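Some notes on the structure that comes next.
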2 protein chains.
Amino acid sequence: MSTSRQGRKRGVRAEVPITQEAIIDAAFRLIDERGGDAFSMRAVAADLGVFPATLYWHVGDRARLLGLVEASWASAVQIPEEIADWREWCHELARRYRARAHQHPNVARLVIVERARNIASLVLPDAVVGRLAELGLGDDLVHAYNSLVGAVQGFVVLELALIPDPEAASMLEAEAELRSLDPASFPNITRHFDALADRALSVRWTDGAKAPLDASFEFLIDLLLDGLDARLRASAPNKTPAKSAKTPAKKTAPAKKAAKTASA
Amino acid sequence: MSTSRQGRKRGVRAEVPITQEAIIDAAFRLIDERGGDAFSMRAVAADLGVFPATLYWHVGDRARLLGLVEASWASAVQIPEEIADWREWCHELARRYRARAHQHPNVARLVIVERARNIASLVLPDAVVGRLAELGLGDDLVHAYNSLVGAVQGFVVLELALIPDPEAASMLEAEAELRSLDPASFPNITRHFDALADRALSVRWTDGAKAPLDASFEFLIDLLLDGLDARLRASAPNKTPAKSAKTPAKKTAPAKKAAKTASA
DNA sequence: AGTCCACTAGTACGCTGTACAAGGCGTTGT
DNA sequence: ACAACGCCTTGTACAGCGTACTAGTGGACT
């Protein structure tokens, strides 16, 4: 990785110019390829063949760099266009958000929780607020927003959370430990072990990046949107704010793009 | 905090015996009072008036100590008894879990995401699995479990996530930054700013521990349980697996303990 | 009385984030 | 043409981190 050892003179400029974007890219690659634990100011500087203080000159401290990495990560998730039905729109955005997280799980792990606040990370929230505001939720707007965002982001964080440590031995050890749980202490987990094994949030030994919980995520999103839809229906029974989805439960709904007429 | 400076001779036992529980308690108090950043092996050792190596003798490395702190934290949330209705039961357990997190936010922040896996932290999952298994969800059991656990834990994690840093100055700065967002870039957030200000997940400047999102949490739980209930109703319309809650939407449902006859 | 072992003092190594002085180079002003 | 300034980097330094490691004391047991 390290492109060139330090052999330059004192104030000489690097042969390849050190820009803020180059530093962000290097940090992103470092985290992505070698994991979050490998990320440090020194490691990023070494990757660029540069002393650590250089990073402080260009981007600032560690938290700021992580914030920029977050912005770079989040900027790749596109806001769905041309989806008229608000439920399909929310569903698709959630899918894209999670897909981006699974694309770079090491980055997502660091970035979603640390949440160094930066303006760039507000474009997704703004889009969600805009779509929900059309529904006429009134005072519940902020609660609907928090519920959707919190549940989706939170699920992804927990799904991608590291189990114990990246040693292969300890993974087998974790599996053996879970398989030999005492039925007297944990009667329910042991009884339904086959249904839960390596698929339930605390009953697994494989990383969420390697064993994704796709079906559970779809289930969660459907649960939330069904609940929200029911609430809308109850408060205003005969006013369809958008193309109301009739099928309430059928999961694996194909994301067929509903006509044009987006962005009222 | 530090009880006694190092003045003892080489192999002499500490005047107050150093047990595993004492170390866990010291770590818990340290994190709780001075924040997660203040937590280190050396700081815990200093609090006990002892050298760091002593901790490694009694509990092992940092990850293991954090796992024990998690167990101590989680063991205080009691599983509801004598609540017949499964929805009220789930709601109450979620409330207690979150209440425990808000009781020690600094500890919860560290512990929920790092999730050093330990057996002790499986008693809550086991209880949830047991209650959900009664509903006859079939293959959806694991998905219902993941949805509830993921959403609840995830929401709490994001709610308690630190905003930028604990300086008072930067909080005002963050507020000013959010108040002066460009309406051209973020039209929806700025339009509904009054409804979102300091109450929406990415549009706030106060710590979740100081400004809890109670109403949003209740909203989320209702959403999830309503959705799950609708799913049950749809798959088996005329079989009431438990006392079916009739009111689907009315939030701020008082947690009146429904009769006895728990644990079938 | 002798032996062992549980347990702690103390040291050491390599790592971290980040502040700071020092100095070379391109650009600009005169 | 020459001087001065300011950008950008080198290099050093400091305090703190996790965690091995050795040394050695006291009490318990044989």
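In this text the structure is predicted, and so the values were computed from the model without any measurement. Reminder, nothing fancy here: chain letters follow the sequence lines and each chain counts from 1.
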Here the gap from A/L66 atom CG to A/I31 atom CD1, rounded to the nearest 0.5 Å, amounts to 5.5 Å

With sequence neighbours excluded, what pairs up with A/F155 under the ring-ring contact (aromatic ring centres under 6.0 Å, His included) test?
A/F217

Distance in angstrom units between A/M41 CE and C/dA19 C1', rounded:
14 Å

Between P of C/dT16 and CZ of B/R62, the distance in whole Å:
15 Å

Below 4.0 angstrom, N of the basic side chain to O of the carboxylate: do A/D194 and A/R199 qualify?
no

Hey, does the side chain of A/S216 reach the backbone of A/L213 with a donor-acceptor pair shorter than 3.5 angstrom?
no

Do you know the tightest heavy-atom contact between B/R98 and B/P212?
NH2-CB, 3.8 Å

Between atom CG in B/D37 and atom P in C/dG17, what is the gap in whole Å?
14 Å

Proximity to the side chain of A/V50 - top-ranked nucleotide from C/dG17, D/dT10, C/dA9:
D/dT10

Between A/R29 and A/D47, does a salt bridge (Lys or Arg N to Asp or Glu O under 4.0 Å) hold up when you go through it step by step?
CA-CA 10 Å; A/R29 269 202 312 274; A/D47 257 27; 5.8 Å; no

Assert: residue with more 5' nearest nucleotide on DNA chain C, out of B/T19 and A/S40, is B/T19

Which ones in residues 52-59 of chain A lie close to DNA chain C, meaning a heavy atom under 4.0 Å from one of its atoms?
A/P52, A/A53, A/Y56

Just call it for B/R42: base, sugar-phosphate, or nothing, with non-hydrogen atoms closer than 4.0 Å on any strand.
base

Distance, rounded to the nearest Å, where B/F51 contributes CZ and C/dA6 contributes C1'
19 Å

CZ of A/R64 versus C1' of C/dG17: gap in Å, rounded?
17 Å

